Amino acid sequence: MRKPVRKAVIPAAGYGTRFLPISKAVPKEMLPLVDKPVIQYVVEEAVASGITDILMIISRSKRAIEEHFHPAFDLEAELTTKGRGEELEALRTLQSMARIHFVWQPKMGGLGDAILYARDHVGDEPFAVLLGDTVVNSNTDKPVTRQLADVVEKHGGSAVALQQVPPEKVSRYGILGGQEIEPGLIRANTFVEKPKAEEAPSNLAVSARYVLSPGIFEHLLKTPPGKGGELQLTDAMASLMAEETLHGLRYDGARHDIGNKLDFIKANIHFGLQRGDIAPALKEYLKTLV
Ligand code: G1P
């Protein structure tokens, strides 16, 4: 019987240089999509996927993330006194979603380095990784992290979420090559971090969600720095692939990378249009712009 996926790691330590100056003091993960920070959508996806324990990897200037998920007894007392039941409920739901822990990544050594800080916490069980600046919407009832956990609980090894990207964009992503064993499920035989378009094994890009075998930690420890002089998770996964299977799952849905200004604005419109309280007025406003 394979171990279920109960734990998740959310890396949220990066500088967010693509979003300066706002990201100097405000973590990009705390930017709002309507009235919730990006990272709350990420936590909600994890919880809807069956995750009960979350470790966030943070750094200097990311304390607002801790505060967001920490109980605020004074604020709760104030809301109780004022009879603001709905807001009180929203705060309490936020704190009861999962057990949330934090660890600091002292220097920016790459995604692989960030994941290594989760080693003791994760122990010997498969775990999900959800990048804290990216919201992924599945077009089906199952969140993408749950779909990956299903693959790992069935086949063992690790699994990553994939999206097709145009050739001119492959050099921005981890690219996976392999054989499609059933519709949308690829057994990987190559995994390369940010290859040149002409050297890429496919146009299937890793898309901010992973479920990893704990075997990854041994490989991270022996993987040398890769692209950009950083310890790349992709390189350690390529090394792990010699021992355990890696599957890629092409999912049906949308990805909003909030570290990117245009995507951030589009995501706010997207989520705004899904919110009954503001959608009609927002639609009317958008019509006046075109
Ligand atoms: C990271 C990973 C890359 C992946 C991307 C999007 O890159 O290293 O393999 O495709 O996230 O999930 P970054 O965007 O942090 O440079």
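Remember, it's 1-based here, ligands and their atoms both numbered in the order they're listed. Just so it is clear, the values below take in all heavy atoms, side chains as well, and ignore hydrogens, waters and symmetry mates. Remember, it's a predicted structure, so these values are computed and weren't measured experimentally. Positions are given from 1, in the same order as the sequence printed here.
The single protein non-hydrogen atom nearest to atom 8 (O) of ligand 1 is Glu193 OE2, 2.7 Å, given as residue, atom name and distance. Remark: minimum distance from atom 5 (C) of ligand 1 to any protein heavy atom is reached at Val206 O, 4.1 Å. Ranking the protein heavy atoms by distance from atom 12 (O) of ligand 1 puts Ala208 N, 2.8 Å first.
Here the side chains of Leu148 and Tyr251 are not in contact, with every heavy-atom distance at 4.5 Å or above.
Residue Lys194 places a heavy atom under 4.0 Å from ligand 1. For Leu233, the heavy-atom gap to ligand 1 stays at 4.0 angstrom or more. Residue Ser207 places a heavy atom less than 4.0 Å from ligand 1.
Ligand 1 places these atoms under 4.0 Å from at least one heavy atom of Leu131: 11 (O), 12 (O). Contact atoms of ligand 1 toward Thr234: 9 (O) (distance under 4.0 Å to a heavy atom of the residue).
For atom 16 (O) of ligand 1, a protein non-hydrogen atom is found at a distance below 4.0 Å.
Relative ring orientation between Phe264 and Phe19 is described as perpendicular, the plane-to-plane angle rising above 60° on a 0-90° scale split at 30° and 60°.
One N or O on the side chain of Ser138 and one on the backbone of Lys142 form a donor-acceptor pair closer than 3.5 Å.
What you find for Glu153 and Arg2 is that their closest heavy atoms are O-CD, 3.6 Å.
In summary, the side chains of Arg255 and Ser207 do present a donor paired with an acceptor at a separation below 3.5 Å, with no hydrogens or angles considered.
Not less than 6.0 angstrom separates the ring centroid of Phe69 from the ring centroid of Phe102.
Scored by the ring-ring contact (aromatic ring centres under 6.0 Å, His included) test, His70 finds no partners at all (sequence neighbours excluded).
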